[in-house]
Number of protein chains: 2
Amino acid sequence: MRSGRAPTLEDVARVAGVSRATVSRVINGIRNVDPQLHEVVWDAVGQTGYVPNRLARSLVTRRTGTVALVVSDSETHDDDPFMGRFFADPFFGRVVGGLMSVLRREGVQLALQIVGTDEGKKRLVGDLRSGQADGAIVLSLPAVDPLPDMLAQADVPAVMIGRPAEPVPIDYVDLANDTGAAMAAEHLLARGCRRIGMISGPADVPASSDRISGFRRAMARHGHGWVPTVSGNFTQDSGETAMRTLLAEQPALDGVFVANDLMALGALLALRESARAVPADIAVIGFDDSSAATAAAPPLTTIRHPLEDMAAEAARLLLARIEEPTLRVASVIYEPSLIHRASA
Amino acid sequence: MRSGRAPTLEDVARVAGVSRATVSRVINGIRNVDPQLHEVVWDAVGQTGYVPNRLARSLVTRRTGTVALVVSDSETHDDDPFMGRFFADPFFGRVVGGLMSVLRREGVQLALQIVGTDEGKKRLVGDLRSGQADGAIVLSLPAVDPLPDMLAQADVPAVMIGRPAEPVPIDYVDLANDTGAAMAAEHLLARGCRRIGMISGPADVPASSDRISGFRRAMARHGHGWVPTVSGNFTQDSGETAMRTLLAEQPALDGVFVANDLMALGALLALRESARAVPADIAVIGFDDSSAATAAAPPLTTIRHPLEDMAAEAARLLLARIEEPTLRVASVIYEPSLIHRASA
DNA sequence: GCAGACTCGGAAAGCGCTCTCCAAGAGAGG
DNA sequence: CCTCTCTTGGAGAGCGCTTTCCGAGTCTGC
């Protein structure tokens with residue numbers, strides 16, 4: 001394995017004393033090749049240290065063995081400080097882990113793509129269409145995003161994690177966010193809370209609005225027609241601020257549903273600062289069951305979001321659609337579950 | 001933009017009424033093209049919705065505009081449960097975020113590659129050599145890993161995050177782990193701790209062994225020739241177990257250095273369980289300044305690991321080496337800093 | 001013993017692009 | 001007016017691979 005140019009099919013063919021075509025057949029396991037030649041070729045492969053050039057192969061087969069993980073944002077300028085936070089959040093890693101658990105087994109690679117501008121999205125779709133990747137898993141952050149529709153229009157195999165904000169004929173996996181929020185409501189009510197508030201995420205993001213409506217609906221069903229709500233942006237800081245605001249408005253609160261664990265962590269901080277005991281004075285319930293939940297003090301009762309499973313399913317859906325592009329548009333909704341810890 | 005086959009250079013050339021070569025020149029901004037034709041060509045590009053096929057381009061230019069992020073493991077079977085944990089850990093996301101902050105600006109993509117078996121590593125090097133990606137950022141997990149050496153041998157541009165276990169002529173960025181551990185020692189000593197223990201990571205991982213030796217050296221310098229140590233594997237659970245063991249051996253401990261924040265979280269749990277107050281009875285200091293540190297109760301005093309910066313620097317080093325492969329092997333060592341919070 | 005069916009391997013045509021070479025035309029200098 | 005140089009655009013040769021098309025050889029059955 002010297003380090004000049006990498007050996008090519010041609011080289012192997014020369015060493016084996018056969019034609020390029022034959023080597024290609026052997027490598028790709030196509031029958032109709034004499035077992036003897038078969039062996040000769042593999043010997044030559046070993047001797048030369050040959051590894052097929054994936055690019056060249058993809059160019060002709062129109063298959064890359066690569067799937068794009070697209071993080072779709074809507075930034076204005078390129079130095080988006082938000083992205084740093086996004087990657088640091090366990091959310092991203094859990095998705096990657098879930099995806100890899102199935103892609104890896106299939107020998108499919110994951111290429112990370114971040115797009116913000118509409119220009120970037122256009123180019124992304126173009127790249128995808130011209131075979132840059134076989135398909136895309138899409139994580140759409142902005143409340144309204146043209147990307148899902150562009151992908152659908154361009155007939156690019158794609159699966160979203162989290163439903164699109166606008167109805168678009170595209171596969172997706174999602175969590176029954178409303179059910180999860182309802183479970184939180186039931187739990188708080190069941191443990192005797194009567195003055196319950198909510199710290200929500202941004203109202204225009206689907207996952208967030210579903211949690212809001214699910215929670216309100218469940219509360220209303222039990223006679224609480226109005227729920228004091230302050231919204232944050234899913235960061236710990238915003239949760240802390242929101243909790244302070246909520247407390248200022250409703251000092252007698254005895255329970256709060258926080259739309260994700262990170263904000264719940266912040267809320268816990270604000271609560272400690274105001275000398276309220278959790279859960280004795282006020283019960284706190286989070287959402288996601290991220291690693292932050294177990295790290296919190298007290299450990300967070302939360303709604304489990306089976307993100308790894310969802311991502312894995314997204315990968316499976318995508319692989320299936322790549323294999324068979326005419327499949328009917330599908331969606332898979334996961335049911336959340338309540339994880340009972342100490343905070344509520 | 002209809003959804004049949006994507007338009008090619010040929011199509012654009014036909015519409016513009018020029019040759020493929022001319023279109024290629026215009027697209028790639030090569031001068032020597034009449035400004036008028038220039039415009040005609042761009043019009044044709046707009047009309048056809050042409051997007052260059054990156055694969056075809058890469059095949060001839062031998063440049064892909066892609067960098068691989070290689071996570072090198074040493075698994076035995078493919079269903080490695082460890083990987084899930086690895087991705088969920090903020091470490092992974094922070095690295096990705098840091099890398100993307102520089103790669104994105106250069107229009108370079110990141111392709112994720114997980115390799116475990118030696119077979120897989122061999123194929124990876126082959127793929128890299130045959131131009132699958134322009135270079136690699138390597139995260140090597142196992143204590144002893146043949147990959148760095150293979151990469152160096154094959155002359156593949158590569159940069160490691162964390163120094164290789166064995167000396168290998170390869171670029172890397174690393175943290176002065178020993179200095180960080182020494183800072184922890186100084187801090188514990190300065191606040192009056194006298195019976196100090198340590199929860200270390202696996203002794204054969206470089207980052208871990210540097211922390212061990214740095215800590216011990218600093219302690220020795222202050223007359224503490226021996227430091228009771230229990231090792232864990234960087235997970236929260238292992239930290240909890242280790243703390244219990246340490247406590248059983250040394251009940252009078254009044255300070256402990258834990259080699260990462262996640263284990264420190266576990267240690268805090270064990271401490272609470274044993275009814276010891278932190279930091280009153282025993283001071284705890286972590287390492288990494290991950291998001292777990294602020295989430296902990298009490299918030300963790302810890303050694304800051306500027307991982308995003310390190311990853312960004314790794315990306316810059318790699319880009320430089322891709323541009324100029326004959327560069328001298330370089331390493332950049334980052335200095336850690338102590339973040340003072342409540343636990344010590 | 002020979003037509004017909006089958007098996008196997010090679011030649012060669014691309015996949016979509018870049019880039020070297022070359023020819024043609026324009027302009028300048030003698 | 002002719003030659004020399006310079007600019008500009010086209011033709012075409014690949015990059016490394018797959019795959020179709022064929023021809024040559026092998027085997028069977030009548």
Side-chain angles (χ1 to χ4, degrees), chain A residues 4-42 44-45 48-66 123 126-134, chain B residues 4-42 44-45 48-66 123 126-134:
Chain A
R5 241 180 60 283
T8 75
L9 249 203
E10 187 81 52
D11 299 328
V12 178
R14 199 173 324 112
V15 171
V18 298
S19 77
R20 287 202 325 274
T22 304
V23 178
S24 175
R25 286 194 191 96
V26 171
I27 301 267
N28 295 303
I30 294 182
R31 52 179 187 299
N32 285 7
V33 173
D34 187 306
Q36 279 204 347
L37 264 189
H38 203 274
E39 199 160 320
V40 171
V41 169
W42 277 117
V45 167
T48 51
Y50 172 72
V51 176
N53 182 321
R54 298 183 65 145
L55 258 55
R57 180 185 298 205
S58 297
L59 189 56
V60 34
T61 58
R62 285 155 188 296
R63 270 303 190 79
T64 60
T66 296
R123 201 177 44 236
D127 279 355
L128 254 24
R129 233 160 70 91
S130 72
Q132 161 88 311
D134 297 337
Chain B
R5 241 180 61 283
T8 76
L9 249 202
E10 187 81 51
D11 299 329
V12 178
R14 199 175 321 113
V15 171
V18 297
S19 77
R20 282 201 331 272
T22 304
V23 179
S24 176
R25 287 193 191 97
V26 171
I27 301 267
N28 295 302
I30 295 182
R31 53 178 184 300
N32 284 6
V33 172
D34 188 305
Q36 279 204 348
L37 262 191
H38 202 274
E39 198 160 323
V40 172
V41 169
W42 277 118
V45 168
T48 50
Y50 172 73
V51 176
N53 182 321
R54 300 183 63 146
L55 257 57
R57 179 182 294 195
S58 297
L59 188 57
V60 33
T61 59
R62 287 152 186 298
R63 270 301 191 79
T64 59
T66 295
R123 202 179 42 235
D127 279 355
L128 253 24
R129 234 159 69 92
S130 70
Q132 161 89 309
D134 298 336

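All figures in this text were calculated on a predicted structure; none of them were measured in a lab. Chain letters run A, B, ... following the sequence lines, proteins first and then strands; every chain starts at 1.
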Please list, chain by chain and in numerical order, all residues satisfying side chain to side chain donor-acceptor pair (under 3.5 Å) with Thr61(B), sequence neighbours excluded.
none
Holding to side chain to side chain donor-acceptor pair (under 3.5 Å), I want the full list of residues that pass it with Ser24(A), two or more places apart in sequence or in another chain.
Asn28(A)
Within the modelled atom types, does a donor on one side and an acceptor on the other bring the side chain of Arg25(A) and the base of dG10(C) under 3.5 Å apart?
yes
Do [X] and [Y] have side-chain heavy atoms sitting under 4.5 Å apart?
{"X": "Asp11(B)", "Y": "Tyr50(B)", "value": "no"}
{"X": "Val18(A)", "Y": "Val41(A)", "value": "yes"}
{"X": "Val45(B)", "Y": "Ile27(B)", "value": "yes"}
{"X": "Gln132(B)", "Y": "Leu55(A)", "value": "yes"}
{"X": "Val51(B)", "Y": "Asp127(A)", "value": "yes"}

Whole Å only: how far is the [atom1] atom of [X] from the [atom2] atom of [N]?
{"X": "Asp11(B)", "N": "dC15(C)", "atom1": "CG", "atom2": "P", "value": "11 Å"}
{"X": "Arg20(B)", "N": "dG14(D)", "atom1": "CZ", "atom2": "P", "value": "14 Å"}
{"X": "Ile27(A)", "N": "dT19(D)", "atom1": "CD1", "atom2": "C1'", "value": "15 Å"}
{"X": "Arg63(A)", "N": "dC15(C)", "atom1": "CZ", "atom2": "P", "value": "19 Å"}
{"X": "Arg54(A)", "N": "dT18(D)", "atom1": "CZ", "atom2": "C1'", "value": "16 Å"}
{"X": "Gln132(A)", "N": "dG16(C)", "atom1": "CD", "atom2": "P", "value": "15 Å"}
{"X": "Arg14(B)", "N": "dA11(D)", "atom1": "CZ", "atom2": "C1'", "value": "17 Å"}
{"X": "Glu10(B)", "N": "dT18(C)", "atom1": "CD", "atom2": "C1'", "value": "14 Å"}

[X] vs [N]: side-chain N/O to OP1/OP2 distance below 4.0 Å:
{"X": "Asn53(A)", "N": "dC15(D)", "answer": "no"}
{"X": "Thr8(B)", "N": "dG16(C)", "answer": "no"}
{"X": "Arg62(A)", "N": "dG16(C)", "answer": "yes"}
{"X": "Thr22(A)", "N": "dG9(C)", "answer": "no"}
{"X": "Ser24(A)", "N": "dT18(D)", "answer": "yes"}
{"X": "Ser19(B)", "N": "dA11(D)", "answer": "no"}

Over its full length, what angle do the end axes of the helix from dG1(C)-dC30(D) to dG30(C)-dC1(D) make, each axis taken from five pairs and the result rounded to 10 degrees?
50°
Arg63(B) to Ser58(B) - nearest heavy-atom pair and separation
O-OG, 3.1 Å
Of Val18(B) and Ala56(B), whose nearest nucleotide on DNA chain D comes first from the 5' end?
Val18(B)
Please figure out whether Ala21(B) or Leu59(B) has its closest DNA chain C nucleotide nearer the 5' end.
Leu59(B)
Mind checking Leu55(B) for me? I need base, sugar-phosphate or nothing, with any heavy atom below 4.0 Å counting as a touch.
nothing
